[in-house]
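In what follows, a single structure is set out as C-alpha cells and then discussed.
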Amino acid sequence: MTWWSYALLSALFAALTAILAKVGVEGVPSTLATALRTVVILAFAWGIALARGEHHALPSLSRKTLLFLVLSGVATGLSWLAYFRALQLGPASRVAPLDKLSLALTVVLSVLLLKEPMNWRLGLGVVLMVTGALLTLK
C-alpha cells in the first residue's frame, strides 16, 4: 500500500472515531472517556508492535527520537482531552471539522519548521480547508 492509502484509511478511522466517541462520551466525564480509550490504544499498539517484533528496536532509539516521541505523545494526549471535551459539549458535525484545522496548521508548521516546500496548490488547499471548517460553524 502507498502512503496515500494509509492516509485515506487514517481519515476513515478518524471519522469513525468522532462518531463512536460522540456516542461513547455521553454521560461519562470526558477525561475518563479519554483515559479508557487510551488504554485500548495502548494495548492495541503494543500488541501489534510485539507481534511484528518491532520492540527489538527499542535499545537503538536515540535520545532525540525518544524526546520527540514523548513530546508527540503529550501533544496527542492534550489533543484527545480537548477533543473529547469538545465532543461532549458540541455536535460531532461541527467539532470534527474544527479539529481538522490541524491539517492546515500542520502544513503551515511543516513549511516553517521543517522547511518543506510550499506551492500555490498547497496554499490554496490550506485556504479551502480553513474556509470549509469555518463554514461548518453556523
Side-chain angles (χ1 to χ4, degrees):
M1 284 185 20
T2 62
W3 66 266
W4 57 267
S5 299
Y6 284 107
L8 290 174
L9 282 173
S10 175
L12 171 66
F13 291 128
L16 288 172
T17 298
I19 301 305
L20 297 170
K22 178 64 178 174
V23 175
V25 80
E26 289 179 26
V28 178
S30 61
T31 304
L32 176 61
T34 303
L36 289 170
R37 173 183 152 180
T38 302
V39 168
V40 172
I41 294 166
L42 180 70
F44 187 73
W46 271 107
I48 292 171
L50 291 170
R52 294 180 62 162
E54 294 175 354
H55 62 288
H56 296 295
L58 279 171
S60 65
L61 298 180
S62 70
R63 287 180 189 235
K64 177 184 174 186
T65 295
L66 289 172
L67 172 66
F68 279 91
L69 289 176
V70 166
L71 291 174
S72 174
V74 170
T76 298
L78 292 170
S79 173
W80 289 353
L81 288 168
Y83 186 68
F84 266 51
R85 185 66 177 143
L87 279 174
Q88 197 171 48
L89 298 172
S93 61
R94 296 222 169 78
V95 170
L98 287 179
D99 175 66
K100 296 309 173 211
L101 284 175
S102 64
L103 300 170
L105 291 171
T106 299
V107 171
V108 170
L109 291 174
S110 69
V111 169
L112 294 175
L113 301 177
L114 302 177
K115 307 301 183 208
E116 292 184 2
M118 170 70 92
N119 59 39
W120 72 269
R121 289 187 331 180
L122 185 58
L124 178 60
V126 168
V127 168
L128 291 172
M129 284 188 280
V130 170
T131 303
L134 294 176
L135 285 173
T136 67
L137 290 179
K138 278 194 183 183

Residues 90-117 vs salt bridge (charged side-chain N to carboxylate O under 4.0 Å, His left out), sequence neighbours excluded, gives none
T106 backbone acceptor or donor facing S110 side chain under 3.5 Å: yes
Closest non-hydrogen contact found for A33 with V25 is CB-CG2, 3.9 Å
Same cluster or not: L36 versus V23, using hydrophobic residues (I, L, V, M, F, W, Y) connected whenever any side-chain heavy atoms lie under 4.5 Å apart? no
The salt bridge (Lys or Arg N to Asp or Glu O under 4.0 Å) partners of R52 (sequence neighbours excluded) come to E54
Original post:
If two hydrophobic side chains count as joined below 4.5 Å and joins carry through other members, does M118 share a cluster with V127?
Top reply: no
Correct closest heavy-atom pair for L122 and P117 would be CD2-O, 3.7 Å
Return all side-chain donor-acceptor pairs below 3.5 angstrom for residues 64-86, not counting sequence neighbours, or 'none' if the list is empty.
| from | atom 1 | to | atom 2 | distance (Å) |
| --- | --- | --- | --- | --- |
| T65 | OG1 | S62 | OG | 3.0 |
| T76 | OG1 | S72 | O | 2.9 |
| R85 | NH1 | Q88 | OE1 | 2.6 |

On a heavy-atom basis, the closest approach of A18 and L87 is O-CD1, 4.0 Å
**Asked** Would T34 and T31 count as having a side-chain donor-acceptor pair, cut-off 3.5 Å?
**Response** no
L101 and V130 have their tightest heavy-atom pair at CD2-CA, 3.8 Å
In this structure, NE2 of H55 is separated from CD1 of I48 (nearest 0.5 Å) by 14.5 Å
Looking at K22 and S93, would you say the former's side chain and the latter's main chain have a donor-acceptor pair under 3.5 Å? no
One should read off an interatomic distance between T131 OG1 and L135 CG, to the nearest 0.5 angstrom, of 6.5 Å
For A92 and P97 the tightest heavy-atom approach is O-CD, 3.9 Å
OG of S102 to CE of M129, rounded to nearest 0.5 Å, is 9.0 Å
Quick one, L98 and V95 - any side-chain contact, counting heavy atoms below 4.5 Å? no
One should read off an interatomic distance between L8 CG and W3 CH2, to the nearest 0.5 angstrom, of 8.5 Å
